[in-house]
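A short worksheet on the structure shown next.
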Amino acid sequence: MAMSNVGRPTTPNAGAASAGFTSLTGGRGLLQDEPLIFEEGGWQTTGVDLPAAEHDASDLGDLVRAAPIGLPGLTEPEAMRHYVRLSQKNHAIDLALYPLGSCTMKHNPRLNEKMARLAGFADLHPMAPVSTTQGALALMDRLAHWLKTLTGMPAVALTPKAGAHGELCGLLTIKAAHDAAGQGHRRTVLVPTSAHGTNPATAAFVGYSVTEIAQTADGRVDLADLSAKLGPDIAAIMVTNPNTCGLFERDVIEIARITHAHGAYFYCDGANFNAIVGRVRPGDLGVDAMHINLHKTFSTPHGGGGPGAGPVVLSAALAPFAPAPWVVSDAEGFHLVEEAKDEAAQAFGRMCAFQGQMGMFVRAYAYMASHGADGLRQVAEDAVLNANYIKARLAAAMTPAFPDGPCMHEALFDDTWLEGSDITTLDLAKALIDEGFHPMTMYFPLVVHGAMLIEPTETEPKRELDRFCDAMLALAAAAKAGESQRFKGAPHLAPLRRLDETLAARKPRLTWRPEPTGVAPAPLAAE
């Protein structure tokens, strides 16, 4: 039955409000304006009643609070409404496509969340006796099995907490292997110019010097430059495959061969494993170590500072140097090996105190089990198909950075098509917010001028891809028609206007302070 529309418009643009209309309260329709929690007031009140302390605080010594706590007192409904109102100002994968390239911001099946909340997983204490955690250890063992199966690698370290932590694990393992072989003089890591920024940062953190490898005109590793820079001082090469330009490194086997011929190891950044899972096994390509972002490939919620997990799969050459702990089983059940018997093979010790992020393990295993082998293969196929669909639809209006041939999981455009206008990639991204979409990744990879990196993932239906492409094409037409104000003033419809990003970066205000009495509040740097 159709909804009655008698007496009221039903389309977004059919109302009486003009484009310049602003409400008297700062709200937008049913979205409330919301101040910072510190501006809510109620500094002398509390939202709960607590009984008086039965004892004095003399035994606390200098820990006794000597000044007000500095938080407003809110009732439970006030606190709940505050955070709900803030959440309504956020974009989310549950609202629309999240096109952040290389981040794989895809739908997270609710089945995974249900499994992660099962008693025995959700409330598992890291120091619980092994006899009481057999189910969790069995799940970790099965997860490790499938990670090794999907990558064609003989060993895996589950403990790293995210991608960069996995990089650290892999490079420390490589360093331990070189040291054990008397090759500690190898102090340089080779990194392509299109690499994720964490690659050179992690190498430098470990103590290596970093040398860049050039990129070819078609967006791949330059084999000639790599060959020229390999030598007796090279510890490893770090290559992302598929790479950050959204392209498969077609010379990857040759890269591995010449790297190994010079006594170095091949580290693969697995951030984009989502594009090849179920289709390509990195171990077959000659990879020695690769981290797998469980929160990308296997659909755990991503962003907001966590949670994350970055297990590292290792080749036979590096497996003896994997950090503890790891799961083993015998006739009596599952156990954790907390330290290696051969101390010489454990040059860098543990990655963290316990076994990793259990919630990530449960979600990732649930994702694998529910998809099966054929489903995981389809994940990669659909992710690549969706990215190529976007590339094909936008190619006539925008300029693909690498137009020849298909892309992998993400479509990359440069800003050549904006030449002759005063509109930039940043302006386009801000205008996209007004159309109801989170912006794509901007200005990365650095090897592409004005880069716009779009990754739809496999979970987006064609209808949503078309909705996004229609918005992009409409914006492209507006940009070419010279509608500068639409872009320079964007976003017009967001809760807050465009940030002064330079001022916010150079003079950040990270801590709220009340303004002195009688002084008008100064605008925040990020407003």
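Keep in mind the model is a prediction, meaning the values are calculated, not measured. Reckoned from all heavy atoms, side chains included, excluding hydrogens, waters and symmetry mates.
Glu113 places no side-chain N or O within 3.5 Å of a backbone atom of Pro109 that could act as its donor or acceptor partner. The main-chain N or O of Asp427 is found under 3.5 Å from a side-chain atom of Thr424 such that the two form a donor-acceptor pair. Listed for the Asn274 side chain is no donor-acceptor partner under 3.5 Å among the backbone atoms of Val277.
Ion pairing between a basic and an acidic side chain is recognised when a charged N comes within 4.0 Å of a carboxylate O; Glu455 and Lys106 show no such pairing. Between Lys430 and Glu501 a salt bridge is recorded (basic side-chain N to carboxylate O distance below 4.0 Å). Using a 4.0 Å cut-off between charged side-chain N and carboxylate O, Arg110 and Asp94 make a salt bridge.
In this structure, Met368 and Leu147 have side chains that are in contact, with non-hydrogen atoms separated by less than 4.5 Å. Between Phe121 and Met358, some side-chain heavy-atom pair lies under the 4.5 Å cut-off. Put simply, the side chain of Thr133 reaches to within 4.5 Å of the side chain of Leu124, judged on heavy atoms. The closest side-chain heavy-atom distance from Val189 to Ile237 is not below 4.5 Å. Using a 4.5 Å heavy-atom threshold, the side chains of Val313 and Pro282 count as separate. With contacts defined as side-chain heavy-atom distances shorter than 4.5 Å, the pair Lys161/Cys352 qualifies. Leu453 has its side chain within reach of Ser102: a pair of non-hydrogen atoms, C-beta onward, lies under 4.5 Å apart. Considering only heavy atoms from C-beta on, His295 stays 4.5 Å or farther from Arg363 through its side chain.
For Arg187, the CZ atom counts as densely surrounded, since its 6.0 Å shell holds more than 12 non-hydrogen atoms of other residues, nucleotides or ligands. Within a 6.0 Å radius of CZ in Phe205, other residues, nucleotides and ligands contribute 12 heavy atoms or fewer.
Minimum heavy-atom separation, Met290 to Phe273: CE-CD1, 4.0 Å. Here the closest heavy-atom approach between residue Val312 and residue Gly166 is recorded as CG2-O, 3.2 Å. Across all their heavy atoms, Leu143 and Ala364 have their closest contact at CD1-CB, 4.2 Å. In terms of heavy-atom proximity, Met351 sits nearest to Pro323 at CG-CG, 3.9 Å.
Between Glu167 and Asn199, the side chains place a donor N or O and an acceptor N or O closer than 3.5 Å (distance only, hydrogens not considered). Side chains of Asp123 and His125: no donor on one and acceptor on the other come within 3.5 Å. Using modelled atom types, one finds a donor on one side chain and an acceptor on the other under 3.5 Å when comparing Ser299 with Asn112. Checking His335 against Asp330 by side-chain atom types alone, a donor-acceptor pair falls below 3.5 Å. Checking His178 against Tyr265 by side-chain atom types alone, no donor-acceptor pair falls below 3.5 Å. Using modelled atom types, one finds no donor on one side chain facing an acceptor on the other under 3.5 Å when comparing Thr457 with Thr104.
Once rounded to the nearest 0.5 Å, the distance linking OG1 of Thr425 with CZ of Phe444 reads 14.5 Å. Atoms CG and OH, on Leu139 and Tyr365 in that order, are 6.5 Å from each other to the nearest 0.5 Å.
Note on ring orientation: taking the six-membered ring where Trp is involved, the planes of Phe437 and Phe468 are perpendicular (angle over 60°, cut-offs 30° and 60°).
In terms of the ring pair (Phe, Tyr, Trp, His ring centres under 6.0 Å) criterion, residue partners of Phe38 (sequence neighbours excluded) are, by chain and number, Trp512.
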After noting the C-alpha distance and the side-chain angles of Thr240 and His196, does the key distance pass the side-chain contact (heavy atoms from CB on, under 4.5 Å) rule?
-> CA-CA 8 Å; Thr240 305; His196 290 132; 3.9 Å; yes
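The stretch residues 150-159 participates, sequence neighbours left out, in no side chain to side chain donor-acceptor pair (under 3.5 Å) pair at all.
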Quiz: residues 83-90 side-chain donor-acceptor pairs under 3.5 angstrom, not counting sequence neighbours:
unit_1: Arg85; atom_1: NH1; unit_2: Glu34; atom_2: OE1; d: 3.2
unit_1: Ser87; atom_1: OG; unit_2: Val84; atom_2: O; d: 2.6
unit_1: Lys89; atom_1: NZ; unit_2: Gln32; atom_2: O; d: 3.3

